[in-house]
Amino acid sequence: MQVGIIGFGNMGSAFAQGLKESSHIVVYDKEESKKEQAIQLGFGVSKDLDFLLGSDFLLLAVKPKDAEEVLNHLKGKIDREILVSIVAGLSLERMKSILGEKAKIIRTMPNINVKVQKGCIAFTTDLDEETKEKFINLFSSCGKLYPIEERLMDSFTALAGSGPAFVFKFISGLAMAGVMEGFDYKTSLDIVLQTIVGSCQLLEKEKVHPDELVSKVTSPGGTTVEGIKLLLEKGFEGILMECIRKTSEKAKKL
C-alpha cells in the first residue's frame with residue numbers, strides 16, 4: 001500500500017510516522033527543509049507532485065490557504081487514487097467542485113496523536129463501503145476512527161483536533177503546580193503524566209460518568225473537595241466549554 005503525502009508539516013509528518021509500519025510513504029513538499037526532514041526520517045521524497053499519482057492514497061496535508069492550488073493542479077489527473085484531506089474548513093462539496101464528482105474523496109479531521117498511533121480521527125465521505133473499508137483498515141493504524149456527519153466536522157476540529165493543545169496546557173499547569181509545591185520539574189511532570197494516563201485508563205475501563213469517579217476520590221471533608229470547590233467557583237468546566245465553542249466558531253470561519 002503506497003501513501004503519497006502532500007505537505008510535510010506537523011500533521012503530514014505525524015501521519016507519515018503513524019503509517020510507516022503499514023504502508024510505503026512518499027512525501028512531497030515545496031520547501032527543501034521539509035524534504036530534508038522527511039529523508040532524515042527515512043521516507044521517500046518526490047521532486048514533484050505528479051510523481052505521487054498512482055499511490056493508493058493521497059493525503060492532502062497542506063495549510064488551508066494552499067489547498068485549492070494543490071487541488072487545481074491535481075484536476076483531471078486523479079483516477080483510482082483516493083484523496084484523503086485533513087485540511088480544516090475544506091468541504092467535500094468544494095473539493096468535488098474542483099476535482100469533479102467522480103473523484104474519490106474522504107474528508108478527515110485528525111489530531112497530532114496519530115504520530116504515536118493514538119490519534120482521534122473523524123471522517124466523512126460518500127464513497128462505497130468497500131472503499132471506506134480500505135481507508136479504515138489502513139488509517140486505523142494511526143488511532144481510533146469516528147464516522148461523523150460533515151456538519152459536525154468543525155465541532156470535532158475544536159474538541160479533538162485542537163484538544164491536545166488544551167490537554168498539554170492542563171498538564172503544564174499541573175506540573176508547574178508541583179514545582180510550586182517543591183518538586184523538581186522533571187519529577188513533577190512525570191507524576192502528572194502517570195496520574196493522567198492512569199486516570200484515563202481507569203475511566204475507559206469503568207465506562208462510567210467521570211463525576212462518578214470524582215465522587216470516589218473525594219472524601220467528605222477531605223483534601224480533594226477543597227480543590228473541587230475552587231474549580232467550581234472559578235467555573236472550570238464552563239471555561240472548557242467556552243474554549244471549545246470559541247475554537248469551533250473559528251473553525252467555521254476557515
Side-chain angles (χ1 to χ4, degrees), residues 10-11 13-23 86 108-124 133 135-148 152-153 155-232 234-245 247-248:
N10 290 330
M11 288 307 304
S13 62
F15 263 108
Q17 293 176 78
L19 289 167
K20 65 182 179 181
E21 295 177 7
S22 55
S23 57
I86 67 170
T108 73
M109 175 47 59
N111 63 23
I112 195 69
N113 298 335
V114 299
K115 185 175 183 178
V116 292
Q117 300 178 319
K118 294 291 184 181
C120 190
I121 309 166
F123 72 94
T124 185
E133 281 302 312
F135 162 76
I136 290 169
N137 288 338
L138 179 61
F139 281 80
S140 60
S141 64
C142 291
K144 191 169 183 178
L145 300 178
Y146 296 85
I148 67 172
L152 291 172
M153 196 62 78
S155 298
F156 189 92
T157 299
L159 189 61
S162 300
F166 309 142
V167 173
F168 297 146
K169 289 298 291 182
F170 175 67
I171 291 170
S172 177
L174 283 180
M176 289 307 296
V179 173
M180 187 170 64
E181 291 299 313
F183 294 99
D184 64 86
Y185 183 81
K186 183 178 179 181
T187 300
S188 180
L189 180 60
D190 190 68
I191 291 170
V192 170
L193 289 176
Q194 182 60 32
T195 299
I196 290 175
V197 169
S199 299
C200 290
Q201 290 178 346
L202 177 61
L203 181 58
E204 188 174 38
K205 179 181 179 180
E206 295 292 325
K207 300 186 186 307
V208 296
H209 192 285
D211 281 342
E212 188 171 329
L213 293 180
V214 170
S215 68
K216 290 184 178 181
V217 180
T218 309
S219 303
T223 57
T224 305
V225 72
E226 287 297 320
I228 294 294
K229 178 176 179 290
L230 182 63
L231 291 178
L232 291 172
K234 297 296 184 180
F236 179 67
E237 291 186 355
I239 291 171
L240 289 177
M241 293 169 71
E242 186 64 15
C243 172
I244 297 301
R245 174 56 58 83
T247 308
S248 178

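Just so it is clear, the values below take in all heavy atoms, side chains as well, and ignore hydrogens, waters and symmetry mates. Start at 1 with the first residue, then count along the sequence.
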Next item on the list: Could you pull out the closest heavy-atom pair between Ile121 and Cys142, with the gap in Å?
Entry: CD1-CB, 4.0 Å
Notebook entry, point to check: Does Leu152 have any side-chain contact (heavy atoms from CB on, under 4.5 Å) partners at least two apart in sequence or in another chain, and if so, which?
Noted result: Ile148
Notebook entry, point to check: With side chains defined as the heavy atoms from C-beta onward, is the minimum distance between Glu237 and Leu231 less than 4.5 Å?
Noted result: no
Notebook entry, point to check: Who pairs with Phe15 by ring pair (Phe, Tyr, Trp, His ring centres under 6.0 Å), at least two apart in sequence or on another chain?
Noted result: Phe139
Note to self: On a heavy-atom basis, which atom in Ala175 and which in Ser188 lie closest, and how many Å separate them?
What the structure shows: O-OG, 2.7 Å
Note to self: Can you give me the closest heavy-atom contact between Thr124 and Met153, atom names plus distance?
What the structure shows: CG2-CE, 3.5 Å
Check: Of all heavy-atom pairs between Thr247 and Cys243, which one has the smallest distance, and what is that distance?
Finding: OG1-O, 2.7 Å
Item checked: Interatomic distance, Ser199 atom OG to Leu213 atom CG [nearest 0.5 angstrom] -> 8.5 Å
Note to self: Let me confirm one number: the CE-CE distance from Met109 to Met11, rounded to the nearest 0.5 Å.
What the structure shows: 8.0 Å
Notebook entry, point to check: Rounded to the nearest 0.5 Å, how far apart are CD of Glu21 and CD of Gln117?
Noted result: 4.5 Å
Check: Take atom CG in Asn10; do more than 12 heavy atoms of anything else shown fall under 6.0 Å from it?
Finding: no
Check: Is it true that a side-chain atom of Ser23 and a backbone atom of Leu19 form a donor plus acceptor pair closer than 3.5 Å?
Finding: yes
Next item on the list: Please report the closest heavy-atom contact between Val208 and Leu203, naming both atoms and the distance.
Entry: O-CD1, 3.3 Å
Notebook entry, point to check: Could you state the interatomic distance from OG1 (Thr157) to CD1 (Ile244), rounded to the nearest 0.5 Å?
Noted result: 10.5 Å
Check: Any side-chain heavy atom of Glu242 sitting closer than 4.5 Å to one from Ile239?
Finding: no
Check: Could you give the distance from CG (Leu174) to CD1 (Ile191), rounded to the nearest 0.5 Å?
Finding: 11.0 Å
Item checked: Positive for side chain to side chain contact (heavy atoms under 4.5 Å, CB included) with Val192, one of Thr195, Ile196, Asp190 -> Ile196
Checklist line | Sub-4.5 Å side-chain heavy-atom contact between Ser22 and Leu138 | finding: yes
Check: Shortest non-hydrogen contact from Ala160 to Pro164?
Finding: O-CD, 2.9 Å
Item checked: Whether Gln17 side chain and Ser13 backbone form a donor-acceptor pair below 3.5 Å -> yes
Item checked: Distance, nearest 0.5 Å, that separates CG of Asn111 from CZ of Phe156 -> 7.0 Å
Next item on the list: May I ask you to check whether over 12 heavy atoms, not counting those of Phe166, lie within 6.0 Å of atom CZ?
Entry: yes
